[in-house]
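Beneath this line is the structure, given in structure tokens, with notes to follow.
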Amino acid sequence: MSVEPSFSPQLAPGATLIEVASASHDCTRCGLAAGRTQVVFGVGNPDADLMFVGEGPGAQEDLQGIPFVGRAGGLLTQLIEGIGLTRDDVYIANVVKCRPPGNRDPLPDEIAACSPWLDRQLELIAPKVVVTLGNFATKLLLQTKDGITKLRGKEFTYERAGNRAVLVPTFHPSAVLRSGGTALAQARADFVTVKRVLARVGG
Ligand code: URA
């Protein structure tokens with residue numbers, strides 16, 4: 001991993017989300033920079049009460065520069081719409097902002113190198129509810145070794161980058177697509193939990 005000496009995840013204090021996004025586009029903090037088409041920073045409402053955190057861009061996301069636009073993205077969109085929201089109401093980001101080659105799992109040093117960008121997103125968007133999609137986002141944001149099957153659908157209070165929110169883990173949409181039936185029903189149930197939490201915290 002090569003860390004650019006000039007990199008400042010803080011940028012100037014007071015930088016806006018657009019400025020942070022723009023700074024991310026030249027990021028070379030880890031080896032994923034070499035294989036990407038572009039940085040996939042995040043998309044959605046910068047004042048969202050609800051933020052989703054996935055794993056990392058796939059092939060379609062790498063080409064389009066937008067998270068969750070492939071098959072898994074289609075399911076995520078359905079689940080969001082299933083609780084009466086649209087993608088424009090929420091913010092969607094990933095743990096790593098560049099596509100891991102061949103869609104492999106992101107490596108620990110890549111996650112560590114990229115996490116300042118996610119921290120700035122959490123700080124500036126300040127969501128009231130964070131939904132982690134799958135193991136990577138859940139383990140990073142809850143700093144746990146427990147897996148998604150144990151944690152999904154539960155509510156956690158978490159504090160990171162000055163943001164205090166309720167965190168609800170659920171399955172990654174790609175895992176739901178692979179497993180089908182029961183996992184889909186569980187993901188739908190988790191989204192109903194998210195809707196209830198949002199109503200309670202004023203989102
Ligand atoms: N999977 C992810 O975790 N993120 C995306 O953006 C797309 C697929």
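Atoms considered below: every heavy atom in the structure, side chains included; atoms not considered: hydrogens, waters and symmetry mates. All ligand and atom numbering here is 1-based and tracks the order in the structure. Owing to the predicted nature of the structure, the values given are computational and were not obtained by experimental measurement.
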task: Not counting sequence neighbours, which residues clear side chain to side chain donor-acceptor pair (under 3.5 Å) with E155? List them please.
output: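 R200.
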For ligand 1, list every N/O pair with the protein closer than 3.5 Å, one pair per line with the distance.
unit_1	atom_1	unit_2	atom_2	d
ligand 1	1 (N)	G56	O	3.4
ligand 1	1 (N)	H172	NE2	3.2
ligand 1	3 (O)	E55	N	2.7
ligand 1	3 (O)	G56	N	3.2
ligand 1	3 (O)	G56	O	3.4
ligand 1	3 (O)	N94	OD1	3.3
ligand 1	3 (O)	H172	NE2	2.7
ligand 1	4 (N)	G56	O	3.0
ligand 1	4 (N)	N94	OD1	2.8
ligand 1	4 (N)	N94	ND2	3.4
ligand 1	6 (O)	F68	N	2.9
ligand 1	6 (O)	N94	ND2	2.9

query: With distance as the sole criterion, is a donor-acceptor pair present between the side chains of Y158 and N163 under 3.5 Å?
result: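 Judged by distance alone, the side chains do pair up.
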task: Would you list the pairs meeting side-chain hydrogen bond (donor to acceptor under 3.5 Å, both in side chains) in which at least one residue belongs to residues 177-189, sequence neighbours left out?
output: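 Checked against side-chain hydrogen bond (donor to acceptor under 3.5 Å, both in side chains) - neighbours excluded - no pair reaches residues 177-189.
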task: Scan residues 56-68 for pairs that pass side-chain hydrogen bond (donor to acceptor under 3.5 Å, both in side chains), counting only residues two or more places apart or in two chains.
output: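 side-chain hydrogen bond (donor to acceptor under 3.5 Å, both in side chains) check on residues 56-68 returns T37-D62, Q60-Q64.
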field: Chi angles and distances behind the side chain to side chain contact (heavy atoms under 4.5 Å, CB included) call for I80, F52
entry: CA-CA 10 Å; I80 291 170; F52 292 88; 3.8 Å; yes
query: Are R120 and E19 close enough for a salt bridge, meaning some N to O gap below 4.0 Å?
result: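 Here R120 does not pair with E19 in a salt bridge, since their nearest N and O are not under 4.0 Å apart.
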